[in-house]
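For reference, the structure is listed below as structure tokens.
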Amino acid sequence: MRLALVCFAFAIVTVPSARSSVPTPVAPILIDVAVSDETAQSIPGLTAADFEVFVDGRPRPIESFTAPPAPLTLLLLVDVSQSMAVYTDTEPIVEAFASSLVSGDRALVGGVANRLQLAPGLIGTKRNVVSGARTALNFKKEEKSGPSPIWDALDGAAAFLEKQSGRRGIVFVTDGRSTGNRLGSVSAVERAFFAGITVQVLTEARTIFIRQDQDTAVRVRSGLMLQELARMTGGLCLPEYKPNLELPKPGPVIAHLVKDLRDRYTLAVSPEGATGTHKIEVTVKRPNVSVRARSGYRS
Amino acid sequence: MVRLVLIVIVAASAAGSAWQQPSFRSGVQTVVIHSTVKDESGRLVPDLTQDVFEVFDNGKPAEITAFSNAAQPITVALMLDMSGSMMPQLIRVRDSTLRFIEALHPEDRARIGTFGSEIALSPILTNDKAVLTRVAREELWPGGGTPLWNALYAAMGSLAGEQGRRVVLVLTDGMNTGSLPGLSGDFGNVRARATKDGYMLYSIGMEGVYQDESEVKKYLQLIDDTGGGHFNVSAQDDLQATFARVADELRRQYLIGFAPVALDGKEHTLEVRMKKPGLRARARKSYVAGQSR
């Protein structure tokens with residue numbers, strides 16, 4: 001699945017087209033970059049000189065640089081469908097999310113049962129976010145027992161955020177068991193990916209091995225696409241899979257995911273002239289650091 | 001009358017394919033039934049003509065007003081049991097579903113649904129094989145119980161707006177283990193909806209955990225009453241071949257329209273008999289007079 005997605009995202013390799021004689025102003029590509037140390041803590045105090053940006057493997061000059069913190073435009077998306085088994089109590093999730101907001105942030109909550117339900121409008125105070133969450137996460141029992149169209153919901157959330165300015169992120173809590181979608185996973189991931197929206201995931205997805213016959217077992221990984229979603233958009237997918245993993249309490253993970261978004265550096269580069277999808281790679285000229293950023297854009 | 005016109009339009013829209021438009025007599029209420037005919041060895045018998053069929057409405061002969069022996073397109077909600085007991089069959093079910101999709105004809109349409117920890121029906125009823133394949137590859141998640149009645153009720157509901165023959169094909173290894181929170185549909189609801197609105201239920205029973213004999217009997221009787229069919233599949237059997245048999249049977253059904261003896265709004269018994277010796281017809285066993293389906 002990962003291979004297919006990567007191919008889809010980067011398969012469109014184009015040759016430079018003939019340029020118009022009249023230059024047209026084009027919007028720069030904004031890249032939110034998370035830099036962390038070996039303990040997963042954000043590294044502050046970096047400057048533009050610490051970064052290198054490569055587009056399609058070629059170095060690109062950094063045209064502007066913004067150090068953290070930056071105000072955030074966030075959407076907390078919570079899967080409340082019947083298949084959720086562990087993170088079923090949404091209160092600590094919403095509480096941690098709302099408590100992570102600071103002045104200047106704008107946020108809202110969306111619920112996913114058999115459809116996406118968004119709280120009314122972006123709001124900036126903790127109390128209003130919590131209040132909006134009550135509306136967004138309020139579904140009838142039969143709506144929770146129906147399908148879980150998480151890819152349609154992600155697409156809807158990204159469609160809402162792509163109209164907003166500033167640093168935008170989705171914090172997605174789900175088990176990854178997608179059903180009843182109009183869109184496939186690739187289409188949904190594409191919208192967030194191309195809009196430059198970082199998707200942070202807290203998942204209770206499990207990997208299970210199921211014996212099919214004497215010689216065959218199948219590995220079912222409902223979190224695989226979520227990992228890919230996070231990787232492509234420069235986000236995190238937590239907790240990282242380990243055998244016999246005990247799922248962490250959601251509150252601290254949510255707080256960490258929001259902090260990770262806030263602590264990012266924003267770099268701007270000029271887009272490649274050629275129409276199509278381009279691969280982005282960001283490096284930091286320091287040892288032992290981990291760098292995450294969106295892995296491409298479409299011009 | 002409105003419904004009659006719609007049926008004709010739907011049939012006409014498929015002209016040019018193997019599906020031929022049956023003729024309906026204008027101004028007459030027509031009840032449409034679909035009948036499977038087999039010989040003594042259980043083989044499907046195609047290409048019969050109207051004169052070998054008889055329809056009995058509440059035990060009285062009814063006039064056949066429409067007939068077609070042409071291959072018929074399939075409109076089906078395919079419901080896959082994803083309960084925990086089906087886990088060892090996951091790949092077999094998925095691969096057979098993919099083959100079923102591959103074998104659909106251009107005029108067929110299918111919707112894929114699953115039941116287990118949720119009742120998850122795809123919102124898409126389509127003949128687009130790429131879409132159906134995507135659903136089969138991305139949306140099968142094992143786990144949960146067997147909310148069979150919820151699943152059948154929801155699957156029928158998902159076809160409510162469709163014209164013509166509406167089929168629910170369910171693949172399961174067990175009987176109902178209970179309802180999911182908030183969902184409608186017990187055995188009585190399922191039977192009532194199937195009878196009133198004329199849904200045809202087919203079932204592929206995977207060898208496994210059929211528990212309560214009386215429940216199984218009730219289930220099979222329900223399927224029989226709708227004019228559908230049931231196929232048992234053991235661990236050694238070819239599931240893909242069974243899917244193909246179901247599709248073949250559906251395509252070779254006869255469309256028979258008849259004028260009801262009385263439009264009294266009540267449930268009538270229905271019987272299709274064959275004048276030709278050695279043949280047996282299967283069709284739904286009741287309908288609600290006043291409904292044109």
Side-chain angles (χ1 to χ4, degrees), chain A residues 1 4-5 8 79-85 88 112-115 139-152 174-189 204-226 228, chain B residues 77 79-80 82-96 111-126 128 130-145 147 150-151 153-155 157-158 178-185 235-236 239:
Chain A
M1 191 177 286
L5 187 67
F8 190 88
D79 181 351
V80 295
S81 63
Q82 185 73 22
S83 66
M84 290 289 285
T88 52
V112 188
N114 63 347
R115 61 192 165 87
F139 287 93
K140 293 175 185 166
K141 282 180 184 172
E142 61 265 34
E143 293 177 310
K144 293 183 177 183
S145 293
S148 312
I150 63 171
W151 300 127
D152 290 358
T174 180
D175 61 3
R177 294 164 63 100
S178 66
T179 53
N181 294 276
R182 289 195 175 278
L183 291 173
S185 57
V186 172
S187 303
V189 172
E204 60 171 69
R206 294 164 298 159
T207 297
I208 52 175
F209 292 86
I210 307 171
R211 193 177 190 128
Q212 301 294 287
D213 55 41
Q214 284 191 327
D215 306 317
T216 317
V218 59
R219 184 171 62 165
V220 178
R221 299 176 64 189
S222 55
L224 184 64
M225 202 62 203
L226 297 172
E228 197 55 26
Chain B
M79 294 301 289
L80 305 172
M82 286 288 115
S83 62
S85 58
M86 286 288 285
M87 283 188 180
Q89 311 281 351
L90 184 64
I91 294 301
R92 190 173 174 221
V93 169
R94 189 199 64 180
D95 290 351
S96 300
R111 180 197 307 286
I112 296 174
T114 60
F115 57 103
S117 57
E118 299 169 343
I119 305 291
L121 274 149
S122 168
I124 306 168
L125 176 69
T126 182
D128 186 332
V131 170
L132 293 168
T133 298
R134 188 265 296 166
V135 173
R137 288 195 180 280
E138 289 195 346
E139 299 195 352
L140 305 189
W141 302 107
N150 289 162
Y153 193 76
S158 80
S179 284
L180 291 177
L183 290 187
S184 305
Q236 289 73 40
L239 183 56

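All values reported here derive from a predicted model rather than from experimental measurement. To find a chain, count down the sequence lines: A is the first, B the second, and so on, and within it residues start at 1. All values below were derived from every heavy atom in this structure, side-chain atoms included, with hydrogens, water molecules and symmetry-related copies excluded.
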(request) Under 4.5 Å, counting heavy-atom pairs only, tell me which of B/S122, B/S184, B/P181, B/A120 racks up the most with chain A. (result) B/P181
(request) Sort out for me which of B/T114, B/L121, B/V131 touches chain A most, counting heavy-atom pairs under 4.5 Å. (result) B/L121
(request) Would you please name every residue forming a side chain to side chain donor-acceptor pair (under 3.5 Å) with B/N150, sequence neighbours left out? (result) B/S179
Is chain B contacted by the side chain of [X], its backbone, both, or neither, given a heavy-atom distance below 4.5 Å?
| X | answer |
| --- | --- |
| A/R211 | backbone |
| A/N114 | neither |
| A/L183 | backbone |

(message) Please determine whether the number of non-hydrogen atoms from other residues, nucleotides or ligands lying under 6.0 Å from atom CZ of A/R221 exceeds 12.
(response) yes
What heavy-atom pair brings [X] and [Y] nearest, and what distance separates the two atoms?
| X | Y | value |
| --- | --- | --- |
| B/R92 | A/Q212 | N-OE1, 4.3 Å |
| B/P88 | A/I210 | N-CG2, 4.1 Å |
| A/N181 | B/I124 | O-CD1, 3.8 Å |
| B/E118 | A/S81 | OE2-OG, 3.1 Å |

As an exercise: rank [options] by heavy-atom pairs under 4.5 Å with chain B and give me the winner.
| options | answer |
| --- | --- |
| A/T216, A/I208, A/D152, A/V218 | A/V218 |
| A/P149, A/S222, A/A217 | A/S222 |
| A/G176, A/S178, A/G146, A/G180 | A/S178 |
| A/E143, A/R177, A/Q82, A/E142 | A/R177 |

(request) Working to the nearest 0.5 Å, report the span between OG of A/S83 and CE of B/M82. (result) 14.0 Å
(request) Check whether B/P142 gets within reach of chain A through its side chain, its backbone, both or neither, counting any heavy atom under 4.5 Å. (result) both
